[in-house]
Amino acid sequence: MIEEFKQWYDDRHSYAKEWKKNNSKGKVVGYFCTYVPEEILYAADCLPVRILGGHEPPALATPHMFDMWCPFSRDCLSQGLAGKYDYLDGVIIAQSCLHIRQAFGAWQLQVPTPWSYYLCMPNAVTTLHAKKFLAGELAEFKKAVEEWVGKTITDADLDRGIDIMNTNRRLMKLVYQSRKEDNPLITGTEAMTMVWASQIMDKREHNVLVEQLLRDLPNRRLDRDQGVRLMIVGSEHDDRPFMEMVETIGATFVIDDHCTGSRYFWDEIVTLKDRLQAIANRYCDRVPCPTKDFKQGTWERKRFPHIINLAKEYRAHGAVLIQQKFCDPHECDIPSLRRQLEDNGIPCYFLEFEVTVPVGQFRIRIEAFIEQLRADELFD
Amino acid sequence: MIVAGIDVGGKNAHVVILKDGNIVAQGAAATGIQKAEAAERLYKETLHKAGLKQDNVGRVVATGSAGKRVAFADGVIADAAADARGVNRLFPSARTVIDVGAEEGRAIKVSPEGKVLDFAINEKCAAGTGTFVEAMARALEITVEEMATLSLKSNNSIPMNAQCAVFGESEVVSLIHQNVEKQDIAKAVHDAIAGRIASVARIVGLEKDVVVIGGMARNAGFIHSLKKEIGMDIIVPDDPDFIGALGAAEAAAAGVLERKVEAKS
Amino acid sequence: MARYKTKGLDCWNKAKELRDRYYKDYKESHDRGGLRWEGGAWSFDAIPQALEGEVHGLSEEPYGASIGHIPELQVRYQEAAEGKWGCARDLCSYMRAYWGSVALNEYAFGGAWPHADFIFQNQICCCHSKWLQVADEIGGGTTPYFCFDVGAGPYDKIGDRQIDYVVGQLYDGIEFIEKVTNRKVIDEKLIQNVYNTYRSNCYWAKTCELNQAIPAPLDEKTMFSLYVLGTLEKSNQAIADFYEKELYPEVKDRVADKIAAVADEQCRVLGDSQPPWGFLRIYRYLEQYGIVSMANLYTFSLIGWMMVDKKGDIVPCPTLEEQGITIKDRDHALRLLAEGELKGKLMWAPFYGATYKNDLVTKIAKQWRCDAAIIHLNRGCEGTAQHQMQLKIALQGMGIPVMTFEGNMADEREFDEGRVMRLIELFVTETLGLKKVA
Amino acid sequence: MAEQGKQEYWRWPEGTWVNPGIDWRKGRIITAGVDVGSVSSQAAVLVDGELYSFSNTRTGSDSPDSARKALSIAMEKTGLTVDHIDYCIGTGYGRVNVPMAQRTLTEIACHARGANFMYGPEVRTVMDMGGQDCKAINCDDKGKVLNFMMNDKCAAGTGRGMEVFADLIRVPVWEIGPRSFQIKKEPPMISSTCVVFAKSEVVGLLEKGVPENAIMAAYCSAMAHRIMELLNRLGVHEKFVITGGIAKNEGVVKRLEKELGIKTAEKVWHKPAYKAYPFDTQITGALGAALFAEAMVGKGKVKSVRKT
């Protein structure tokens, strides 16, 4: 299964084009942020695919986003400008960080795409007002989609969409939970590849694969020592060479908090009669992106206790905190998160990511971090 | 009438003497620290070579990052303006000029008359400059010239993160330690710089004809990478590093004296 | 011989005096039994300022900007934020200066850091909510924190649902600050504050509109020191009076008497985003060429409430008095407050797309008759730097020469003056072909 | 550019030393550490845990050669050969390419361990100024790394930056420190954080006729400031030591001490018996590696590979 995930993730564009051939009526929609309610797109028989970078220097993006913008966002835009996403029928963003919003804005002007939509995802997600407001936004979004695809979305459609998404979330969570064990049967690179694949594949197909994976896992043999159990936390992250490098020098990633990882699927929808309200509640209650992580009353974040629990449940010896260069929302959280993790006995190491990773420079840092975590072996 | 153009940049100075619009002499020299003095020496030598005296010269216009320091010049014009004029004289069809010198890479959009319509320079970081290549060449323990020819032999492309000159070096060093072929590393360096320069050029918009000037234009490896990066043909003048001086001389001939020279502080 | 008459503003000192008093009052508030609260230029100050008794706020952006004017403090404060706290160097430069100020327990206007009794913060860009969240954490994490979200959509999509969303939060906010301060929000005060908020915002917008005149009565350099009052406390009676009764009439007279901000005005420049505060001398340099920087979406609508009329022109929003609206009660007041901000603050529109920024700024370029544009690619503020490169393309599309330069509104370490001056010189002399005037 | 023939002001002089007081043939355990850095390489040889010899040489573009070269210089004229070595650990950028090494460790671990041996167990913060990057390390009384930080934003604070500078003003890198104090008053520091732009800034100053010594002072304080920024992020504690090439540049070190308000430990061997031995801060990494090797062999954690 892992191979399929890897292959389709690498070959994501042909996958989408293939899907279009087989679903003549279906539309492929590129989304820029995981706050986009894919449920409604599945209800409308669309294929939502997350727009990700190509890990190439985003040379085409510079005239549209100058150098201070997050390399991932610039990479996404660059891919669009290069025509890699020419098969998209539409693009959509949910209000999140300014960096990806700018990539979306430039995309609307520079990359010909038939349909585009800005979903005004509120920020004060811990308030009831936000849930009410978002439900209204979703109603407008649903209407816009209906007009675009020329079909009304019934409650039955919504239930289908919700079920596809919830199933996918539940299954991937099961795979993740297996990593609590010693010598996990799946590496961090593999686990995240599964999530990356789910963001670009038809979830119905993905679900079949994940179910198969869950059946196969128990008999899986990875002839490797887990080494140090690491957690990885941060912004968007789909840098496989980095993950692989770390997992070849005496460590295993056992859990993550990324919007390309657990943060994407951790929370399911609690069904209600009012489907749109149920969806709105889920996106307000999910593990927040730092852009929306503030609580009334105190400076404390909602996301931090969640991360610390994950670290404990998955018995991480240390945490690698990564961040796309210039990612302000995470930059605002990391110094605080670092303190909280270390106060909980989880040493951290911080790395700043760009589209291409200087493996040499990063390897020595991670090696040294691993040595730090197993220092006892060197000294007694 | 006889006019002179002097281009004093980060590393070198160039002089071009025009007589009734024709080049009668040109010279180049490394400036070192005392740029003004070096420029004057070069100017005199070049005149001497051409059998001319200073008072034969009707007008002198200086340009380049240290152009203002040329005390004996009658006027100074901005380097991008000199580039535009120089290129326009040689290739009136040129619409995009890319000048990659020792410490700056810039792109200029020129009008058919040789006017600067838009321009952009590599901001903040020195990646995308001649100095960057030199640093990488040193890490490879070869000369820039060797590096140029070497890189043409390579067909592999290794993505390199040309952000900081020094980190570029450490990337090269770790590539060396991974036993990557020197020729592949050389190409990686040129590709990286070509990428940086191309994105600067894209800011003003790549319109043909594209002319590349400045010291780096002599680097065939870099030019090759740049062609590939922008997917367009590139014109490189015979003396790509003399274009600024030529443009200044043109300005002198045209009687352009925008700013008085500042007395050396 | 200069083209036009010029002279300084008579109300200049008044503006300075109001500003100085603001920072002094905040510091001394406790000694007088008053309250202190922290917020932003876009916090609805009308609400906390309606608490009974004496209340004074500290507005985060103008405080950060003031530090940006003082290189010595700026670098020391920002290095404290980066070193002691460990934040990244590329974050909002106001925010880093503010955090460093807290970390060093230093108030830029003298004395120790004056801790607030509560935080009344707004969220608009992706990090605004973090500003005082982190500031408080650095300061010990004991200040009651309240943050409301105004990211409810662009000005042309504001309906009841959007206003309900914000008003709902404002009710929570009132309940919150009443609880943590043990003081009541007085409706009479609140209502008066809303009238004032409208007057401050609308009269600043009207003043900006006057800059369409040739010669321009105001240059940006001057405007910066004038709009600041509105970023401090727009609901304040004295400040609203300043905009309505002193600044606006005086600028009107300047237009009538053709009094120019720059005596040799021959080229009108459009700006974008905040300037590099430590280097306002750039504008002096431009003046030598008869260039006046006099229009900027940021400078206009940071506080100025404007709208797009039926003809598609940008015009100032009318005050409540002009609309003949009398505020009935608290609910009415809160709705008007939210509506004014959500519909009138055009500079929020770019947060929702590049098309908004292009549309509004090209309108400004036309209506304010700009000949060229100089865009400060501001590494210090993602918010105002949104879509700047798209804007460049759009302006060039209308035939306006544009130059861009990278800098930072309040971090001199990110501003290479020599380089930037070279660029400006080239742009002015070559692209614009201007000569120094006498 | 590798301009042959022209004097290279940026290279530190090479060096080697052999302990006259030790006859390796009488030794039980012989271990070696080889540190292949980006600019220079070092080797250290221990006999029964005592420093026997070390070398400090330049790194070539081929790291296995640089490693061999460093070790052979350290064994020159001693009769000692690779075959006599029980265990060897490679460290530094080129650690994966040290042919004679049985295992590798990062220079972070090795510098902490080496500094602990050279300066003593009171060392709490080690600042290693390498060629390409600087590392700030907090360690315990055993020399165990507690946490560390490496510069990632900009390289202006690295040894390489100083070398580029030395080359530019044509002053040997080892003279910069002393000369940077031969000034009337401390000039403002070079503001640019980019090595190359700092270079153009320096050229500007030279053109303005600012005396060379003042410019060296301005550059040294800029570098001291960058290092201070990194140390502040980590938190610096006494005993504080600086290893690597820059440690030899008091122009930077003294100014850094001033900024931090903390003195760096004196460059004297912790072991009284070592008083007479040369104290070369550049060998810290190699020495640390050799010490780890010695401990592993001594505790029987690894098998000796000694051939003769």
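Below, read A as the first sequence line, B as the second, and so on, with proteins coming before strands; counting in each chain starts at 1.
- Note that NE2 of A/His129 is 11.0 Å distant from OH of C/Tyr171, once rounded to the nearest 0.5 Å.
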**Request:** Assess whether side chain to side chain contact (heavy atoms under 4.5 Å, CB included) is satisfied between C/His387 and A/Leu109, documenting all intermediate values.
**Result:** CA-CA 11 Å; C/His387 310 304; A/Leu109 291 176; over 6 Å; no
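- Between C/Arg161 and A/Phe133, some side-chain heavy-atom pair lies under the 4.5 Å cut-off.
- In this structure, A/Phe326 and C/Arg379 have side chains that are in contact, with non-hydrogen atoms separated by less than 4.5 Å.
- For a residue to count as touching a neighbouring chain, one of its non-hydrogen atoms must lie under 4.5 Å from one of that chain's; by this rule C/Phe176 touches chain A with the side chain only.
- Considering CG of C/Asp90 and CH2 of A/Trp69, their distance stands at 11.5 Å, rounded to 0.5 Å.
- Residues C/Lys157 and A/Cys120 have side chains not in contact (no heavy-atom distance under 4.5 Å, counting atoms from C-beta outward).
- Atom CD of residue C/Gln162 and atom CD of residue A/Glu137 lie 6.0 Å apart, to the nearest 0.5 angstrom.
- When heavy atoms are compared at a cutoff of 4.5 Å, C/Trp131 does not approach chain A at all.
- With respect to chain A, the highest number of heavy-atom pairs below 4.5 Å among C/Pro350, C/Cys147, C/Cys87 belongs to C/Cys147.
- Here the NZ atom belonging to C/Lys130 is positioned 5.0 Å from the CG atom belonging to A/Asp293, to the nearest 0.5 angstrom.
- Contacts of C/Ala394 with chain A are absent, with no heavy-atom separation under 4.5 Å from either backbone or side chain.
- Rounded to the nearest 0.5 angstrom, C/Cys381 SG and A/Leu98 CG are separated by 8.5 Å.
- Counting heavy-atom pairs closer than 4.5 Å to chain A, the top-ranked of the candidates C/Phe148, C/Trp85, C/Phe118, C/Phe146 is C/Trp85.
- Of the residues considered (A/Cys97, A/Ala130, A/Pro335), A/Pro335 shows the highest number of contacts with chain C, using heavy-atom pairs under 4.5 Å.
- C/Asp172 places none of its side-chain heavy atoms less than 4.5 Å from the side chain of A/Gln296.
- C/Tyr352 and A/Tyr118 have perpendicular rings, their planes meeting at more than 60° on a 0 to 90° scale where under 30° would count as parallel.
- More than 12 heavy atoms of other residues, nucleotides or ligands shown are found within 6.0 angstrom of NZ on C/Lys363.
- Two residues are said to be in side-chain contact when any heavy atoms from C-beta on lie closer than 4.5 Å; A/Met68 and C/Asn378 fail this criterion.
- The structure places CG of A/Asn123 at 8.0 Å from CD1 of C/Ile124, a figure rounded to the nearest 0.5 Å.
- Interface residue A/Pro122: backbone and side-chain heavy atoms are both found under 4.5 Å from chain C.
- For the side chain to side chain contact (heavy atoms under 4.5 Å, CB included) with A/Gln102, the lone residue among C/Gln386, C/Gln390, C/Gln388, C/Met389 that qualifies is C/Gln386.
- Contacts with chain C were tallied for A/Cys327, A/Pro63, A/Ala106; A/Pro63 has the most, counting heavy-atom pairs under 4.5 Å.
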**Message:** Assess the residue pair A/Lys295 and C/Tyr145 against the criterion (side chain to side chain contact (heavy atoms under 4.5 Å, CB included)); give the C-alpha distance rounded to whole Å, side-chain angles, the decisive distance to 0.1 Å, and a yes or no.
**Reply:** CA-CA 8 Å; A/Lys295 291 198 281 187; C/Tyr145 169 96; over 6 Å; no
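- In terms of heavy-atom pairs under 4.5 angstrom with chain C, the leader among A/Ser96, A/Cys289, A/Pro329 is A/Pro329.
- For the set C/Gly153, C/Ala135, C/Ala152, C/Gly353, the entry with the most heavy-atom pairs within less than 4.5 Å of chain A is C/Ala152.
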**Request:** Show the numbers, then the answer: is there a side chain to side chain contact (heavy atoms under 4.5 Å, CB included) between A/Cys332 and C/Met95?
**Result:** CA-CA 10 Å; A/Cys332 287; C/Met95 195 153 80; 3.5 Å; yes
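- Pairing each heavy atom of A/Thr291 with each of C/Gln123, the nearest pair is O-NE2, 2.9 Å.
- Of the charged side-chain nitrogens involved, at least one lies within less than 4.0 Å of a carboxylate oxygen, so that C/Glu137 and A/Arg301 count as a salt-bridged pair.
- Neither the backbone nor the side chain of C/Ile119 comes within less than 4.5 Å of any heavy atom in chain A.
- In the displayed structure, C/Glu175 atom CD is contacted under 6.0 Å by at most 12 heavy atoms of other residues, nucleotides or ligands.
- With a threshold of 4.5 angstrom between heavy atoms, A/Ser336 approaches chain C through its backbone and through its side chain.
- Using a 4.5 Å cut-off between heavy atoms, A/Arg338 makes no contact with chain C at all.
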